[in-house]
Amino acid sequence: MWLCPILFHFFAFTIEKGETSERNVVTHIFQSYDKRTRPVHEDNQVILVKIGLNLISLLDVNEQQEYIKLAVTLDYIWHDDFLTWDPAEFNGTTSITVPADMVWRPDVTVVSTV
């Protein structure tokens, strides 16, 4: 019977320690982060944005009018110079999850359809 409380305390401590480290990373990064500016150290630096199109499903095929309707998602991948930290300083935390509206995002617009 004494084994359960010890395990509970161990797991509770581990979870709490991880949350504290993640919170510290977020505080460290976002204290001076400005999502309104491009995340580069030099103004002439280019940001390469990789875009992926994922097909979710085929919704409709109309041979007569020659069109199809698809459900898709778009993935954007880029490097943000200011979203970095040393994991050794934050209990080994190597990743965090934050709402998308907290970070700079590229302006991407679909200008034509096929």
Side-chain angles (χ1 to χ4, degrees):
M1 291 184 97
W2 62 270
L3 185 59
C4 290
I6 291 173
L7 290 175
F8 174 77
H9 290 295
F10 173 74
F11 288 124
F13 175 75
T14 302
I15 292 168
E16 180 179 310
K17 192 173 182 183
E19 288 176 355
T20 301
S21 295
E22 185 172 335
R23 186 177 301 118
N24 290 343
V25 170
V26 171
T27 300
H28 170 75
I29 289 174
F30 290 101
Q31 67 187 355
S32 62
Y33 187 86
D34 187 354
K35 69 179 184 179
R36 299 170 299 173
T37 60
R38 289 184 330 113
V40 293
H41 291 291
E42 301 294 329
D43 290 339
N44 62 352
Q45 188 176 342
V46 174
I47 298 176
L48 176 63
V49 178
K50 296 179 183 178
I51 300 176
L53 179 74
N54 303 303
L55 176 62
I56 304 300
S57 66
L58 177 63
L59 301 175
D60 187 22
V61 176
N62 188 321
E63 290 182 45
Q64 212 169 25
Q65 295 181 354
E66 298 181 350
Y67 75 82
I68 62 173
K69 286 185 182 179
L70 305 171
V72 300
T73 62
L74 292 174
D75 292 332
Y76 308 103
I77 300 172
W78 67 92
H79 178 78
D80 188 317
D81 286 352
F82 303 116
L83 295 180
T84 61
W85 65 93
D86 181 1
E89 294 178 18
F90 297 95
N91 193 34
T93 301
T94 57
S95 66
I96 60 171
T97 302
V98 297
D101 64 354
M102 288 181 65
V103 298
W104 176 88
R105 291 180 289 173
D107 292 329
V108 176
T109 305
V110 178
V111 293
S112 65
T113 58
V114 179

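Numbers here are sequence positions counted from 1.
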| said: Taking atom CD as the centre, does E66 end up with more than 12 heavy-atom neighbours from other residues, nucleotides or ligands that are less than 6.0 angstrom away? | reply: no
| request: Indicate the atoms forming the closest heavy-atom contact of T84 with I29, along with that distance. | output: O-CG1, 4.2 Å
| field | Pairwise side-chain contact, D60 with I68, heavy-atom cut-off 4.5 Å (strictly under) | value | no
| said: Holding to ring-ring contact (aromatic ring centres under 6.0 Å, His included), I want the full list of residues that pass it with F82, two or more places apart in sequence or in another chain. | reply: H41
| message | Whether the side chain of N62 engages the backbone of Q64 through a donor-acceptor N/O pair (distance < 3.5 Å, no angle test) should be reported. | response | yes
| request: Carefully, step by step, assess L70 and L58 under the rule side chain to side chain contact (heavy atoms under 4.5 Å, CB included). | output: CA-CA 5 Å; L70 305 171; L58 177 63; 3.4 Å; yes
| Quick one: salt bridge (charged side-chain N to carboxylate O under 4.0 Å, His left out) pairs with a partner in residues 69-84, sequence neighbours left out? | none
| Pairing residues for S32 by the side chain to side chain donor-acceptor pair (under 3.5 Å) criterion, not counting sequence neighbours | none
| Sub-4.5 Å side-chain heavy-atom contact between I77 and V49 | no
| query | Does I51 reach the side chain of W78, with side-chain heavy atoms less than 4.5 Å apart? | reply | no
| Quick one: does D34's side chain get under 4.5 Å of W104's, heavy atoms only? | no
| said: Holding to salt bridge (Lys or Arg N to Asp or Glu O under 4.0 Å), I want the full list of residues that pass it with D107, two or more places apart in sequence or in another chain. | reply: none
| query | Under the ring-ring contact (aromatic ring centres under 6.0 Å, His included) test, which residues partner H28, sequence neighbours left out? | reply | F90
| Would you say Q31 has more than 12 foreign heavy atoms packed within less than 6.0 Å of its CD? | yes
| Non-neighbouring partners of Y67 that pass ring-ring contact (aromatic ring centres under 6.0 Å, His included), sequence neighbours left out | none
| query | Are the side chains of Y76 and R105 in touch, meaning some heavy atoms are under 4.5 Å apart? | reply | no
